There are 2 protein chains.
Amino acid sequence: MDDQAKVFENFLKKRSLKLTRTRRLILEAVFRNHDHFDVDTLYDQIKTRHQNVSRATIYRTLPLLVQAGLLKQSLRCQDKDHYEHIYGHERHLHFLCTRCGNIIEIESGGIEKIIRVMAEEKDFKIMEYNIVMRGICANCRTGGE
Amino acid sequence: MDDQAKVFENFLKKRSLKLTRTRRLILEAVFRNHDHFDVDTLYDQIKTRHQNVSRATIYRTLPLLVQAGLLKQSLRCQDKDHYEHIYGHERHLHFLCTRCGNIIEIESGGIEKIIRVMAEEKDFKIMEYNIVMRGICANCRTGGE
DNA sequence: CAAAATTTGATAATGATTCTCAATAAAAAT
DNA sequence: ATTTTTATTGAGAATCATTATCAAATTTTG
Ligand SMILES: [Mn+2]
Ligand SMILES: [Mn+2]
Ligand SMILES: [Zn+2]
Ligand SMILES: [Zn+2]
């Protein structure tokens with residue numbers, strides 16, 4: 001059992017939930033994606049390998065993974081929530097090209113620190129934050145059709 | 001005619017659209033709100049004063065105001081988009097208390113600059129950005145029931 | 001193995017947003 | 001001012017992502 005599965009199992013145990021076969025399948029599919037995905041993409045991927053995982057169960061399981069700190073709902077795009085796994089990944093933020101739809105990741109750099117200070121000042125306990133920038137990427141701006 | 005209306009009119013003219021009575025009503029309602037609102041709230045407010053502005057028209061008009069640079073869709077909360085007018089306002093970011101739902105605004109501080117530099121590096125032309133932090137506010141953390 | 005507790009899949013329901021289209025209003029032309 | 005053209009509106013239907021329901025299946029416990 002890999003790390004993520006252990007984390008998930010612990011998380012589940014704490015709330016007397018079970019690490020079932022289906023939940024494991026979903027977990028694996030989530031960690032097979034190394035970029036941002038939406039629920040339907042995941043559903044199709046899972047369906048291709050092992051049939052019979054209901055969309056409902058995916059919708060139920062993703063929030064668990066988020067609470068377990070393994071997954072993040074990082075952006076909303078085309079009216080859908082998009083997720084990415086975060087276990088063992090650096091925090092980063094996203095540029096979203098509004099022309100081609102590409103997502104470019106950027107290391108959080110100095111922002112992290114600033115945010116922490118701001119939160120401190122307002123006596124606000126941050127659980128998570130999200131930074132999304134929209135614009136036109138270099139490719140689209142130059143030639144890119 | 002106030003400033004916002006002029007800006008909006010110019011924007012509309014450029015695309016041979018018309019500043020109609022209904023659009024003006026919506027514009028006014030938008031600038032009567034000095035905090036974050038969703039479509040339905042706006043709809044109710046407008047309905048209270050002047051009857052007969054269709055939800056459809058509001059949904060059509062808000063994107064125009066956004067494109068005109070008068071309005072911003074700043075956050076998503078309870079599955080609804082939330083807007084705020086930005087004409088003549090400082091850029092700021094938002095803390096969202098996940099317990100009480102309160103929104104706390106923070107001046108952008110040093111973040112603005114950092115973001116600009118990052119965009120430069122990646123040769124990305126930013127049109128807009130959004131920063132939302134989620135956590136528990138001071139009030140909720142101490143006594144606050 | 002039987003009983004208790006949790007989970008799942010199928011599908012219906014919800015709700016925000018978008019679409020359609022005939023009726024209306026605004027601007028341009030005569 | 002009247003007509004013609006063009007853009008807009010309201011009402012309601014349609015879409016579509018997400019949730020809720022519930023009986024059947026799985027997992028855990030004793
Ligand atoms: Mn990412
Ligand atoms: Mn604000
Ligand atoms: Zn692009
Ligand atoms: Zn609070």
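What you are looking at is a predicted structure, and each value in this text was computed from that prediction instead of being measured.
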* If you look at every strand shown and take non-hydrogen atoms under 4.0 Å, does B:N52 touch a base, only sugar-phosphate, or nothing? -> sugar-phosphate
* To do: Describe, in one word, how the ring planes of B:F8 and B:F11 are oriented to each other, choosing from parallel (under 30°), tilted (30 to 60°) and perpendicular (over 60°).
  => parallel
* Structure fact -> Rounding to 0.5 Å, atoms CD (A:E128) and CD (A:Q73) come to a distance of 8.0 Å
* **Spacing of B:I58 atom CD1 relative to C:dT17 atom C1', expressed in whole Å** => 13 Å
* To do: Provide, to the nearest angstrom, the distance between the CZ atom belonging to A:R55 and the P atom belonging to D:dT18.
  => 11 Å
* Asked: Does A:R23 put a side-chain nitrogen or oxygen below 4.0 Å from OP1 or OP2 of C:dT7?
  -> yes
* Could you check whether B:R60 gets within reach of a base, just the sugar-phosphate, or nothing at all, counting any heavy atom under 4.0 Å? => base
* A:Y87 vs A:F31 aromatic rings, parallel, tilted or perpendicular, using cut-offs 30° and 60°? -> perpendicular
* Kindly point out which of D:dA11, C:dT17, C:dG9 is positioned nearest to the side chain of B:D81? => C:dT17
* **Within 6.0 Å of CD in A:E120, more than 12 heavy atoms from elsewhere** => no
* Asked: So with a 6.0 Å cut-off around CZ of B:R91, is the heavy-atom count from everything else above 12?
  -> no
* Structure fact -> From CD of B:Q78 across to C1' of D:dT18 the rounded distance in Å is 15 Å
* **Rounded distance (Å) that lies between atom P of C:dA16 and atom CG of B:L62** => 15 Å
* To do: Report the distance from atom CG of A:L64 to atom C1' of C:dT8, rounded to the nearest whole Å.
  => 13 Å
* Close residues, residues 6-22 of chain B, relative to DNA chain D [heavy-atom separation under 4.0 Å] -> B:S16, B:L17, B:K18, B:T20, B:T22
* Which word best sums up how the rings of B:F95 and A:F124 line up, parallel for under 30°, tilted for 30 to 60°, or perpendicular for over 60°? -> parallel
* Nearest to the side chain of A:T57, which nucleotide is it out of D:dG10, C:dT8, D:dT18? -> C:dT8
* Asked: Of A:T61 and B:A56, whose closest DNA chain C nucleotide lies nearer the 5' terminus?
  -> A:T61
* Respond yes when some side-chain nitrogen or oxygen of A:Y59 is under 4.0 Å from OP1 or OP2 of D:dT18, and no when none is. => yes
* To do: Measure the distance from CG on A:L27 to P on C:dT7 and round it to the nearest whole Å.
  => 15 Å
* To do: Using whole Å, report how far NZ of A:K47 lies from P of C:dG9.
  => 12 Å
* Nearest-Å distance, CZ (B:R76) to C1' (D:dT18)? -> 10 Å
* Asked: Rounded to the nearest 0.5 Å, what separation is found between the CG atom of B:N130 and the CG atom of B:L93?
  -> 9.5 Å
